[in-house]
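Note: hydrogens, waters and symmetry copies are ignored here, and every other heavy atom, side chains too, is used. Counting begins at 1 with the first residue of the sequence.
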Amino acid sequence: MIAMRLITGRLFFSLFTLVLVSALIFIAIEIVPGDVASRILGRDATPALLASVRERMHLDVPPVERYFNWLGNIAFHADFGRALTSDQPVGQIIAPKVLNTLKLAAVAFLLYLPLALIPAALQALHRERPLDHGLSVINLVLLSIPDFLLGTILMILFVVNWQWFPAIAGLRDTASLGQFLWAVTLPALTLAITMAVYASRMLRDNLIEVLDAEYIRMAELKGLSRLAVLLRHALPNSLIPTLNVTALNLAYIIGGVVIVERLFTYPGFGSLMIDSLQLQDAPLVEATVLISAAIYIGANLLADIGAILLNPRLRRAS
């Protein structure tokens, strides 16, 4: 019951945070100099034409009422409005871009798991030995390299020198799974390495601390192998502090892949966000930023729920 109460509390807090963020997004768009109609028609628009556009876009309605109408349409109808630049439903524009980024995120996360877990486990099992020191040096070097530089290095190695992968991660509707994986390997690997170096370093320290615990030594005295102790006892209890980093990494995959998508010319959600800002398409900006915030909040919510469910004390209390 304690675990359920905590999860329910986290859920309500996340919903409240999302509503608050939506209000801040709406206010930020409202305080931009000049209203949407003026930005669409330009400075030479006549007052009559401005009034007509404002009425068509419901800009003559008070901001508070427009905010609740906008939020209600999203919450109950999944309707983000229509884009100013193309007059298409925002949902139809965003959906394929989100799907592309989710595909990239799935591949990156699958690469992220072994890149974070295996080095951390090896370092914990061989602490203060040459393998531990060598992997620590590699980790520190990768930590100091920003994602755009890492992606450039990978492109030079695997595209220019060895020509293993394409320079442009373009997607075709008719592409097979193999062709898709071949196209997104480099951007996914860039994201995976960028995320894994943070999680691996934290997980290594957590594993070393857990492996020194009394119950771990008791399990070893009972005859369990070092690997079995690591997988059954040490690793699950070491993952709890790492979940928050993983949640931030998941949020980064969706909302922070702008540089990587631009570098590899990948048609994803991050690129759409930048395009909407450059075009000053208010409904599209509001939708992309709100979705990014929702993903960030949702990732942290999942991390909190995971930490609660993995906590043995809360499981026993429930």
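A continuous path of hydrophobic side-chain contacts links Leu150 to Leu157 [ILVMFWY only; heavy atoms under 4.5 Å]. In terms of hydrophobic clustering, with Ile, Leu, Val, Met, Phe, Trp and Tyr side chains grouped at heavy-atom distances under 4.5 Å, Ile156 and Leu186 are assigned to different clusters. Following chains of ILVMFWY side-chain contacts shorter than 4.5 Å, one cannot reach Leu301 starting from Leu20, and the two form parts of different hydrophobic clusters. Criterion: ILVMFWY side-chain heavy atoms under 4.5 Å apart, direct or through other members. Under it, Phe26 and Val19 are part of a common hydrophobic cluster. Linking ILVMFWY side-chain heavy atoms closer than 4.5 Å, directly or via other members, places Leu99 and Val184 in two distinct hydrophobic clusters.
In terms of heavy atoms, Ala188 sits closest to Val107 at CB-CG1, 3.6 Å. Of all non-hydrogen atoms in Arg127 and Asp132, the two that sit nearest each other are CA-OD2, 3.4 Å. Here the closest non-hydrogen pair linking Ala83 and Ile93 is CB-CD1, 3.6 Å. Scanning all heavy atoms of the two residues, the minimum distance from Leu203 to Ala116 falls at CD2-O, 4.1 Å. Residues Val90 and Pro283 come closest through the heavy atom pair CG2-CB, 4.0 Å. When all heavy atoms of Glu286 and Ile25 are compared, the closest pair comes out as CA-CG2, 3.9 Å.
Of the inter-residue distances, the one linking Met273 atom CE with Thr288 atom OG1 reads 5.0 Å to the nearest 0.5 angstrom. Note that OG1 of Thr185 is 10.5 Å distant from CZ of Phe264, once rounded to the nearest 0.5 Å. The CZ atom of Phe148 sits 10.0 Å away from the CD1 atom of Ile153 when rounded to the nearest 0.5 Å. Note that CG of Asp147 and CE of Met195 are 11.0 Å apart. Values are rounded to the nearest 0.5 Å. One finds the NE2 atom of His133 at 12.5 Å from the NE2 atom of His126 (value rounded to the nearest 0.5 Å). Rounding to the nearest 0.5 angstrom, the gap separating the CG atom in Leu18 from the CD1 atom in Ile295 is 11.0 Å.
Two residues are said to be in side-chain contact when any heavy atoms from C-beta on lie closer than 4.5 Å; Pro89 and Gln92 meet this criterion. A heavy-atom distance below 4.5 Å is found between the side chains of Leu263 and Thr152. Residues Phe158 and Gln163 fail the side-chain proximity criterion, which asks for heavy atoms closer than 4.5 Å. With contacts defined as side-chain heavy-atom distances shorter than 4.5 Å, the pair Phe165/Met155 does not qualify. Between Val159 and Pro166, the closest side-chain pair of non-hydrogen atoms is not below 4.5 Å. Under the 4.5 Å side-chain criterion, counting only non-hydrogen atoms from C-beta, Ile145 is not in contact with Ile193. With contacts defined as side-chain heavy-atom distances shorter than 4.5 Å, the pair Val260/Thr194 does not qualify. Taking the side chain as every heavy atom from C-beta outward, Leu115 and Pro119 never approach each other to under 4.5 Å.
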Take Val285 and Val289, measure what side chain to side chain contact (heavy atoms under 4.5 Å, CB included) needs, and give me the verdict at the end.
CA-CA 6 Å; Val285 171; Val289 176; 4.2 Å; yes
Begin from the C-alpha positions of Glu261 and Ile274 and carry the test side chain to side chain contact (heavy atoms under 4.5 Å, CB included) through to its verdict.
CA-CA 11 Å; Glu261 289 186 353; Ile274 293 300; over 6 Å; no
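Formation of a donor-acceptor pair under 3.5 Å by the Asn139 side chain with backbone atoms of Val197 is found in this model. Side-chain N or O atoms of Trp182 include one that pairs as donor or acceptor with a backbone N or O of Trp164 at under 3.5 Å. With hydrogens and angles ignored, the 3.5 Å screen pairs a side-chain donor or acceptor of Tyr266 with a backbone N or O of Asn100. For Gln123 (side chain) and Arg204 (main-chain N/O), no donor-acceptor pair under 3.5 Å exists by modelled atom type. Formation of a donor-acceptor pair under 3.5 Å by the Thr101 side chain with backbone atoms of Phe269 is found in this model.
Among residues two or more places apart in sequence or in another chain, the side chain to side chain donor-acceptor pair (under 3.5 Å) test is passed with Arg10 by none.
Between Arg262 and Asp275, at least one side-chain N (NZ, or NE/NH1/NH2) sits under 4.0 Å from a carboxylate O, which counts as a salt bridge.
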Donor-acceptor list for residues 68-81 side chains, cut-off 3.5 Å, not counting sequence neighbours:
| from | atom 1 | to | atom 2 | distance (Å) |
| --- | --- | --- | --- | --- |
| Asn69 | ND2 | Glu65 | O | 3.2 |
| Asn73 | ND2 | Asn69 | O | 3.1 |
| Asp79 | OD1 | Gly81 | N | 3.0 |

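Remark: of the listed residues Leu111, Ile118, Leu110, Leu117, Ile118 is the sole one forming a side-chain contact (heavy atoms from CB on, under 4.5 Å) with Pro114.
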